[in-house]
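Protein chains get the first letters and strands the later ones, always in sequence-line order, with residue 1 at the start of each.
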There are 2 protein chains.
Amino acid sequence: MSTAPHDRLSINQATIKYAPLAEALAVTADAGIGSIGLWRDSVQAVSLPEAARLLTRSGLRFSSLCRGGFFTVPEGPARRSAMEDNRRAIEETARLADAGAPGSAAVLVMVAGGLPQGSRDIAGARSMVEDALAELAPVAAAAGVRLALEPLHPMYAADRAVISTLGQALDLAAPFDPAVVGVVVDTFHVWWDPDLDAQIARAGREDRIASYQVCDWRTPLEADVLLSRHYPGAGIVDFASITTAVERVGYRGDVEVEIFNQEIWDTAPATAVARTIDGFQSAVAPHLAARYAGARR
Amino acid sequence: MSTAPHDRLSINQATIKYAPLAEALAVTADAGIGSIGLWRDSVQAVSLPEAARLLTRSGLRFSSLCRGGFFTVPEGPARRSAMEDNRRAIEETARLADAGAPGSAAVLVMVAGGLPQGSRDIAGARSMVEDALAELAPVAAAAGVRLALEPLHPMYAADRAVISTLGQALDLAAPFDPAVVGVVVDTFHVWWDPDLDAQIARAGREDRIASYQVCDWRTPLEADVLLSRHYPGAGIVDFASITTAVERVGYRGDVEVEIFNQEIWDTAPATAVARTIDGFQSAVAPHLAARYAGARR
């Protein structure tokens, strides 16, 4: 790379999954990238105060915490435990957003959860998500944190997320203040949606886009479909059109590259980051506004 | 099985993929099933006239031919060849529907095709489907054949079908006479759709349901996601609610069980048919009207 990476590029830590937090921060900053999205397990591995300290010292912005959610649990101790865990995730998000460089976003990515064990009732599972949001939104509001509902690709609807489209995520967000409940637009999950342009436009009008994540789709899918994400440009996602649409409706926050892929995880983190920059610069950056201007906090 | 299979059950030949046509007809009829959906390769393997003769002799209804489509080819010789092939498929459908028992349906299942090689332009691919339908609808109308657009699960959008939702299929069908262009509702492809109930109701109002196909979704998906279909009842599809919705809007045709699954293909065809009956009787049949009353032809 001869040029600096785009200043809105953020490395989602999942892309370099095996790097502990200190290393993840270092390889990201050393590559000239300005922002990072963190995962709770790596934060908890060093403790929240230590993670906050490391983040501040890195000079990086914090673009999101992955993740809360997994709400599709019937009422009872397991659900209470899930809700408690989400409250902790909200606190972590607030703390990390404060610790990150100016322009950090207090965004907690929420994955809904799949069907409860043994259940075929997807409508029921979706209503459990509604209930959980109603319970957590005031907590998030008090903490200054934005819950970002992430629609996942419909191939994950049974076992991971009963929120499958951007339109559905926006419907779920609708009762709440957009500063408290937003949505994630992740190219991998939504590129196929015939209603995508209309729903991105709607998300813009309703001021709901809390995070824009990019990675590519390539066939054949990997044997484990969870690990089928690729560097931008390696597959068939039309980053020009989706990025332009997200940009047009006013999103100016960081753009995370989040890749789950065993081969990429087996790459040295600095190499994976360099390849991420390459893919981002050619596939995504040309369609982004030149300067970061998205500070919510 | 102590009771006879439901009289609207149809075996889609893909479920017993390795049985040649004569054997497929025999195991289906011998199991007391009244209807079969055929695949073009097995018909062509014996010739259309011979296939028609065998079908008539079997006494079975013909519920559909799989499949036409694969329209996402830029204009040129390859597209002309695809269109010619679709014209032949229309002729085959008409001939087989005439050869089947009373109540046979002259339905040609259409799979749209994925992105053209090297393309990222899904909107462009979708407009190729529109153009192809405009070209083929008069041919189908003249032959008394109904083209049945099948939305495939979004995990196949890149490499198999750029029609991903029932709503999108209905939009594509809208310009045409419902007797000429309909849609397929296949539980495996649509069960996850948050808009499913509304779109089934719309499909009923617009008289577009040409075929209802059932099989189950189970996680983890098979390494080859094409082969992840299961017997009804083996997974998480809510056949009660989807079947009731399809029934409520007036569909009274045959209900095909179409399964792509290597383990099931490796089962003796008569055994696979017996297991299909078991699954259908417990998961689907209780939600179906008792008698076949769907003859379009």
Side-chain angles (χ1 to χ4, degrees), chain A residues 112 114-126 129 151-172 187-197 216-226 228 233 235-242 283, chain B residues 112 114-126 129 151-172 187-197 216-226 228 233 235-242 283:
Chain A
L115 291 170
Q117 192 63 38
S119 167
R120 296 186 171 96
D121 180 10
I122 195 162
R126 286 166 176 160
V129 177
L152 259 55
H153 192 282
M155 71 185 173
Y156 305 126
D159 56 357
R160 193 150 297 258
V162 295
I163 305 183
S164 303
T165 65
L166 185 55
Q168 186 192 7
L170 290 168
D171 288 347
L172 282 162
T187 56
F188 180 86
H189 294 307
V190 302
W191 70 271
W192 60 272
D193 187 349
D195 206 27
L196 183 60
D197 284 350
D216 218 331
W217 177 284
R218 192 167 78 187
T219 53
L221 300 176
E222 305 296 318
D224 180 347
V225 293
L226 259 185
S228 275
I236 55 74
V237 167
D238 181 359
F239 291 102
S241 110
I242 301 178
Chain B
L115 291 169
Q117 191 63 38
S119 167
R120 295 185 171 96
D121 180 10
I122 196 162
R126 286 165 175 160
V129 177
L152 259 56
H153 192 284
M155 73 186 170
Y156 304 126
D159 56 356
R160 193 152 298 259
V162 294
I163 305 183
S164 302
T165 65
L166 184 54
Q168 186 192 8
L170 290 168
D171 288 346
L172 281 163
T187 56
F188 179 87
H189 294 307
V190 302
W191 70 271
W192 59 272
D193 186 350
D195 206 25
L196 184 60
D197 284 351
D216 219 330
W217 177 283
R218 192 167 77 187
T219 53
L221 299 177
E222 306 296 319
D224 180 346
V225 292
L226 259 185
S228 275
I236 55 74
V237 167
D238 181 359
F239 290 102
S241 112
I242 302 178

When the 4.5 angstrom heavy-atom criterion is applied to A:D193 and chain B, the contacting part is backbone

Heavy-atom distances under 4.5 Å only: say whether B:V237 touches chain A with side chain, backbone, both or neither.
backbone

So do A:L115 and A:I122 actually touch side chain to side chain, heavy atoms under 4.5 Å?
yes

Heavy-atom closest pair (B:A223 atom, A:A223 atom, distance to 0.1 Å) is CB-CB, 3.8 Å

Pick one of side chain, backbone, both or neither for A:P154, based on which atoms fall under 4.5 Å of a heavy atom in chain B.
both

Between A:F188 and A:Y156, what is the ring plane arrangement, given parallel below 30°, perpendicular above 60°, and tilted in between?
parallel

Side chain, backbone, both or neither: which part of A:S241 has a heavy atom under 4.5 Å from chain B?
neither

One should read off an interatomic distance between B:L170 CG and B:L166 CG, to the nearest 0.5 angstrom, of 4.5 Å

Looking at A:P194, A:A157, A:G167, which one has more heavy-atom pairs under 4.5 Å with chain B than the rest?
A:P194

Portion of B:R126 that has a non-hydrogen atom of chain A nearer than 4.5 angstrom
side chain

Does any backbone or side-chain atom of B:I236 lie under 4.5 Å from a heavy atom of chain A? Answer side chain, backbone, both or neither.
both

What closest approach, in Å, do B:P116 and B:A125 show between heavy atoms, and which atom pair accounts for it?
CD-CB, 4.0 Å

Considering all heavy atoms, the nearest B:A112-B:V162 contact
CB-N, 4.0 Å

With a 6.0 Å cut-off on the ring centroids, do B:H153 and B:W217 count as close?
yes

Under 4.5 Å to a heavy atom of chain A? For B:D171 that would be neither

Region of B:S228 in contact with chain A, defined by heavy-atom distances below 4.5 Å
neither

